[in-house]
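Heads up: the structure comes next, in structure tokens.
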Amino acid sequence: MVNAKSTFVKSDFENAAHELLQWYDQMARRLPWRLSPQARKNGDMPDPYRVWLSEIMLQQTTVPHAAPYFDKFTRLWPKVEDLAAAHNDDVMREWAGLGYYARARNLHKCAKVLAGLDAFPNTIEALLALPGVGPYTAAAVGSIAFDLPVAPVDGNIERVISRLMAIAGDGSAAGWAQDKKEITQRVQTLVPQRSGDFAQAMMDLGASVCTPKSPNCMICPWMDICLARQEGNQESYPAKPKRKPQPIRNGLAFVIFHEGKVLLQRRPDSGLLGGMLMPLSSPWEEGGEYTLEDYQPVKADWHYRGQARHVFTHFALHWDVYVAHLTKKPDLSGDWIDIDMCLEAGLPTVGRKALKLALDA
DNA sequence: AATACGGGGTT
DNA sequence: AACCCAGTATT
């Protein structure tokens, strides 16, 4: 019974949380949704609404990308009741460009639930019941907003803990699933009294020190106790399965102008870019070939403006952009938006790319 | 367990 | 061009 892993005992990392918190007290990033460790030690706690909002925005999204959206949302809707009272179209428009648009729909749905409650849910079970809140977000909000004795596990913390405790399987999907389970269990054994700061400290460590490539171990508060560093294989952790390459899909975009306006249509609520405004388009199924003749939404004198390229999660789109200036208003459903306003109308990035090509010329 | 679902940064 | 994400919901 003597490999390195089975000899793990809690005391190996007995002071780990304390050492990390000492580092965090000096090095904490200042973020719009965050209370400083000094403020928290004085007994202040953050507004749970702001913590929840930030964590939804930060799902699979970097701090620099999310921060301006957080500022905008809290300016437009300072309290959860304000967000709950907003029109869904406005929420979707303001979210445009952040990606994973189901988050925006669930955010608004969740705000309506929260506005009907007497207090913000403050147990893991109650948080998990909210739309758009999964295991990570429940633990993040629980610890950061309420100091519940739990640790969130996101990609950063998976990496930090897998290195600290040398947790890595064979790199298969099944092996990684097992690793994640073990990481989630083991990190709980480290959680100190200041669980909110501990969670934020691990995120800061992952973001600024224990980076995926070339981690800066020399300035790490866990330098001496990190098992991966003792092995000298920091970068081999975590052992994640390879992602499979994405296929390319082709499609045609149809940007229709009429009397200084452009026609946009709202996509169905579910599925890719759900609920977002976009130019008209052919389908873009894998292996599909679409011709102007067969797929034009209206007979017109179409002009080719170039190809908009965009990478989604599981495929890349090569979208050939055609424009038409119609003198007679076509019989097509959708919203006619002033040309000057259309780039601020709340389009997802791929829609903006196509529109920019169409407006150049 | 696998897939759908954006977008941008780093190397 | 490959890799990395401050994940959740659905199948």
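Order of the sequence lines sets the chain letters (A, B, ...), proteins ahead of strands, with each chain counted from 1. For clarity, every value in this text was computed on a predicted model and none was experimentally measured.
For B:dG7, the OP1/OP2 oxygens have a side-chain nitrogen or oxygen of A:His310 closer than 4.0 Å. For A:Arg159, a side-chain nitrogen or oxygen approaches OP1 or OP2 of C:dA6 to under 4.0 Å. A sub-4.0 Å separation between OP1 or OP2 of B:dT3 and a side-chain N or O of A:His314 is absent. Side-chain N/O atoms of A:Thr349 include one lying less than 4.0 angstrom from OP1 or OP2 on B:dG7.
Look at A:Arg105 and A:Asp269 and you find a salt bridge, because one of the NZ, NE, NH1 or NH2 atoms lies within 4.0 Å of a carboxylate O, short of that distance. Ionic pairing of A:Asp90 and A:Arg93 is present here: one or more N-O contacts between side-chain nitrogen and carboxylate oxygen are shorter than 4.0 angstrom. Using a 4.0 Å cut-off between a side-chain N of Lys or Arg and a carboxylate O of Asp or Glu, A:Arg34 and A:Asp197 do not qualify as a salt bridge. The pair A:Arg40-A:Asp147 meets the salt-bridge criterion, since a charged nitrogen lies less than 4.0 angstrom from a carboxylate oxygen. With salt bridges taken as basic N to acidic carboxylate O contacts below 4.0 Å, none links A:Asp47 and A:Lys79.
Rounding to whole angstrom units, CD of residue A:Gln60 and C1' of C:dA6 are separated by 8 Å. Rounded to an integer number of Å, the gap from A:Asn106 CG to C:dA9 C1' is 8 Å. Atom OH of A:Tyr69 is separated from atom P of B:dG8 by 7 Å (rounded to the nearest Å). When rounded to the nearest whole Å, the span between CG of A:Leu272 and P of B:dA4 equals 11 Å. Atom CD in A:Gln59 sits roughly 17 Å away from atom C1' in B:dG8 (whole-Å rounding). Distance A:Tyr101 OH to B:dA4 C1': 15 Å, rounded to the nearest Å. Rounded to an integer number of Å, the gap from CZ of A:Arg105 to C1' of C:dT10 is 17 Å. Across the protein-nucleic acid pair, A:Lys181 atom NZ and B:dA1 atom C1' stand 11 Å apart, rounded to whole Å.
Within the nucleic acid shown, A:Thr137 comes within 4.0 Å of sugar-phosphate atoms alone, with no base atom in reach, counting heavy atoms only. Within 4.0 Å of A:Leu273, counting heavy atoms only, lie sugar-phosphate atoms of the nucleic acid but no base atom. Residue-level contact check: A:Val63 touches the bases, meaning some heavy atom is under 4.0 Å from a base atom. Here A:Gly274 lies out of heavy-atom contact (under 4.0 Å) with every strand. Counting non-hydrogen atoms under 4.0 angstrom, A:Leu107 reaches nothing in the nucleic acid. Among the protein residues, A:Gly97 comes within range of the sugar-phosphate backbone only, with heavy atoms under 4.0 Å from sugar or phosphate atoms but none that close to a base. Across all strands shown, A:Ala140 has no heavy atoms under 4.0 Å from either base or sugar-phosphate atoms. Using a 4.0 Å heavy-atom criterion, one finds that A:Pro131 contacts the sugar-phosphate atoms exclusively. Residue-level contact check: A:Ala173 touches the backbone only, with heavy atoms under 4.0 Å from sugar-phosphate atoms and none from bases.
With hydrogens and angles ignored, a donor-acceptor pair closer than 3.5 Å exists between the side chain of A:Thr61 and the base of B:dG6. Contact annotation: side chain of A:Tyr100 to base of B:dG6, donor-acceptor pair present below 3.5 Å. For a distance-only test at 3.5 Å, the side chain of A:Arg29 qualifies as a donor-acceptor partner of the base of C:dA6.
Minimum atom distance to the side chain of A:Pro135 is reached by C:dT8, of the listed C:dC3, B:dC5, C:dT8.
Residue pairs meeting the ring-ring contact (aromatic ring centres under 6.0 Å, His included) criterion with at least one member in residues 192-250 of chain A: none, sequence neighbours excluded.
B:dG9 and C:dT8: their P atoms are spaced 23 Å apart (whole Å). For the P atoms, the distance linking B:dG8 with C:dA9 amounts to 24 Å, nearest Å.
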*Audit row: A:Phe312, A:His310, ring pair (Phe, Tyr, Trp, His ring centres under 6.0 Å) steps and yes/no*: CA-CA 6 Å; A:Phe312 291 97; A:His310 191 73; 4.8 Å; yes

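Toward the 5' end of DNA chain C, the nearer of the two residues A:Leu58 and A:Leu130, judged by each one's closest nucleotide, is A:Leu58. Mapping A:Val311 and A:Ala174 onto DNA chain B by nearest heavy atom places A:Ala174 at the nucleotide closer to the 5' end.
Under the 3.5 Å distance criterion, the side-chain polar atoms of A:Arg249 are left unmatched by any main-chain donor or acceptor of A:Gly287.
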Would you tabulate the pairs of protein nitrogen or oxygen atoms and nucleotide nitrogen or oxygen atoms of nucleotides 9-11 of chain B closer than 3.5 angstrom?
none

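By the 30° and 60° cut-offs, the orientation of the rings of A:Tyr304 relative to A:Tyr322 is tilted.
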